[in-house]
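Since this is a predicted model, take the numbers as computed values, not measurements. Each chain gets a letter, A, B and so on, in the order its sequence line appears, and its residues count up from 1. Computed from heavy atoms alone, side chains included, the values below leave out hydrogens, waters and symmetry copies.
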2 protein chains.
Amino acid sequence: MSISSRFAVGIHILTLIEFNKDGITSSEFLASSVNTNPAVIRKLMGMLKKAGLIEVHPGIAGAKLTMKLSDITLFDVYKAVNVVQDKELFSIHENPQLSCPVGRNIQNTIEPIFATAQGAMEKVLKNVTLEDVMNDIVAGENIG
Amino acid sequence: MSISSRFAVGIHILTLIEFNKDGITSSEFLASSVNTNPAVIRKLMGMLKKAGLIEVHPGIAGAKLTMKLSDITLFDVYKAVNVVQDKELFSIHENPQLSCPVGRNIQNTIEPIFATAQGAMEKVLKNVTLEDVMNDIVAGENIG
DNA sequence: AAACTTGTAACTAAATTAATTACATGATAT
DNA sequence: ATATCATGTAATTAATTTAGTTACAAGTTT
């Protein structure tokens with residue numbers, strides 16, 4: 001199964017807020033670019049706000065970033081939108097048979113390997129900032 | 001969301017087949033160690049067989065590995081049990097608004113980043129063999 | 001033929017996702 | 001102050017996936 005598109009949409013939201021920084025970026029505006037329902041966007045905005053990435057206020061139209069794009073990594077977004085919990089990218093079967101040598105050791109053996117694999121994936125996300133994403137979008141505009 | 005425990009169970013199955021190589025490793029035997037239903041195990045056995053990792057025959061009790069543990073990586077198991085498709089660890093929202101600069105570039109921008117992150121995770125799995133897993137299980141037996 | 005095994009299909013309950021609708025609450029402009 | 005518009009949030013839905021369960025056909029052995 002795949003990691004929720006909340007992550008991709010979260011990146012989209014933050015990038016577009018910056019792209020539209022001189023205008024008002026409402027949930028409806030974002031929803032139209034993402035092509036989804038404004039309520040979906042508002043739920044995500046709530047998560048991004050809770051993580052301290054954006055500033056939004058009830059009744060006041062528009063969201064703003066709280067930091068520079070270069071200070072926000074994809075890992076920050078990934079954590080903000082809650083798509084994968086710590087050490088839970090891979091699930092391990094519960095209650096193996098303890099009277100079996102394999103059954104009683106498999107969890108302890110596998111867990112650190114899975115954690116390492118998850119960590120390697122997350123490290124890539126830590127090394128990409130929203131500024132990198134923005135630059136690529138702008139380049140796509142100029143070349144494509 | 002998490003990657004299916006089919007992966008962890010697949011590792012369990014293969015390791016136990018080797019551990020019990022002088023005996024007969026039936027789906028019922030495996031199911032009791034994993035603590036699940038034999039039909040679940042047989043379905044996984046079918047996947048492992050299709051991937052060429054084990055040999056099983058209708059009507060004949062027991063499965064055997066087709067290779068040495070040191071020749072099977074966790075990545076092989078991961079692919080065999082079909083838990084994550086190529087370039088699909090992360091899902092990306094479909095149909096963003098093409099009239100928006102961010103909407104029309106976000107997919108192309110994000111895709112390679114996600115592929116890199118997935119690749120980093122999978123690289124870890126490629127660098128661990130079932131022999132490593134077995135050694136850790138044996139060590140757990142001797143120390144723990 | 002009886003007993004046992006693998007291979008598979010059909011069905012279930014639980015969990016998650018993404019979308020949708022609805023509405024309370026907050027802010028603002030006329 | 002009231003109409004208007006935005007955010008915040010809850011409830012509901014359909015679709016998908018998972019893991020388990022039951023059942024049974026087909027192959028093998030004794």
Counting C-beta onward and ignoring hydrogens, is there a side-chain heavy-atom pair between [X] and [Y] closer than 4.5 Å?
{"X": "B/L89", "Y": "A/I3", "answer": "yes"}
{"X": "B/L74", "Y": "B/L130", "answer": "yes"}
{"X": "B/T73", "Y": "B/L125", "answer": "no"}

Given atom [atom1] of [X] and atom [atom2] of [N], what is their separation to the nearest angstrom?
{"X": "A/I54", "N": "D/dA6", "atom1": "CD1", "atom2": "C1'", "result": "14 Å"}
{"X": "B/E28", "N": "D/dT22", "atom1": "CD", "atom2": "C1'", "result": "15 Å"}
{"X": "A/E55", "N": "D/dT7", "atom1": "CD", "atom2": "P", "result": "14 Å"}
{"X": "B/L44", "N": "D/dT18", "atom1": "CG", "atom2": "P", "result": "11 Å"}
{"X": "A/E94", "N": "D/dT18", "atom1": "CD", "atom2": "C1'", "result": "14 Å"}
{"X": "B/L30", "N": "D/dG20", "atom1": "CG", "atom2": "P", "result": "14 Å"}
{"X": "B/R42", "N": "D/dT22", "atom1": "CZ", "atom2": "P", "result": "13 Å"}
{"X": "A/I60", "N": "D/dG8", "atom1": "CD1", "atom2": "P", "result": "10 Å"}

Practice item. Working to the nearest 0.5 Å, report the span between CG of B/L98 and CG of B/N105. Key: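 It comes to 9.5 Å.
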Check your understanding: Out of curiosity, A/D136 CG to B/N108 CG, how far, rounded to the nearest 0.5 Å?
Key ->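 Between A/D136 CG and B/N108 CG, I get 8.5 Å after rounding to 0.5 Å.
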Regarding [X], tell me which of base, sugar-phosphate or nothing describes its non-hydrogen contacts under 4.0 Å with the strands shown.
{"X": "A/H93", "value": "nothing"}
{"X": "B/A39", "value": "base"}
{"X": "A/K50", "value": "nothing"}

Check your understanding: Considering only side-chain heavy atoms of B/N37, which listed nucleotide, D/dA6, D/dT22, D/dG8, is closest?
Key ->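 Of the options given, the side chain of B/N37 lies nearest D/dT22.
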Check your understanding: Can you tell me if CD on B/E28 sees more than 12 non-hydrogen neighbours from other groups inside 6.0 Å?
Key ->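 Counting neighbours around CD of B/E28, 12 or fewer heavy atoms of other residues, nucleotides or ligands fall under 6.0 Å, so no.
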Check your understanding: Can you name the residues that form a salt bridge (charged side-chain N to carboxylate O under 4.0 Å, His left out) with B/E18, not counting sequence neighbours?
Key ->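 For B/E18, the residues satisfying salt bridge (charged side-chain N to carboxylate O under 4.0 Å, His left out) (neighbours in sequence not counted) are B/K21.
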Review point. Considering only heavy atoms, which members of residues 3-10 of chain A lie under 4.0 Å from some atom of DNA chain C?
Key: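 Within this stretch, A/S4, A/S5, A/R6 sit under 4.0 Å of the strand.
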Exercise for review: Taking all non-hydrogen atoms of both residues into account, name the closest pair between B/Q97 and A/S32 and its distance.
Suggested key: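 So the minimum-distance heavy-atom pair works out to CB-O, 3.2 Å.
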Exercise for review: Please tell me which of B/G46 and A/G59 maps to the more 5' nucleotide of DNA chain C, matching each residue to the nucleotide holding its nearest heavy atom.
Suggested key: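 This one resolves to B/G46.
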**Study point:** Position toward the 5' end of DNA chain C (nearest nucleotide), B/S91 or B/V56
**Key:**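 Going by which nucleotide is closer to the 5' end, it is B/V56.
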Exercise for review: Can you label the angle between the A/F114 ring and the B/F7 ring as parallel, tilted or perpendicular, going by 30° and 60°?
Suggested key: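 Plane angle under 30°, so parallel.
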Point to revise | Where chain B begins and ends its contact with DNA chain C, read 5' to 3' at 4.0 Å from heavy atoms | key: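 In short, chain B contacts DNA chain C from C/dT5 to C/dT17.
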**Study point:** Any B/T36 side-chain nitrogen or oxygen under 4.0 Å from OP1 or OP2 of D/dG20
**Key:**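 B/T36 to D/dG20 OP1/OP2: side-chain N or O found under 4.0 Å.
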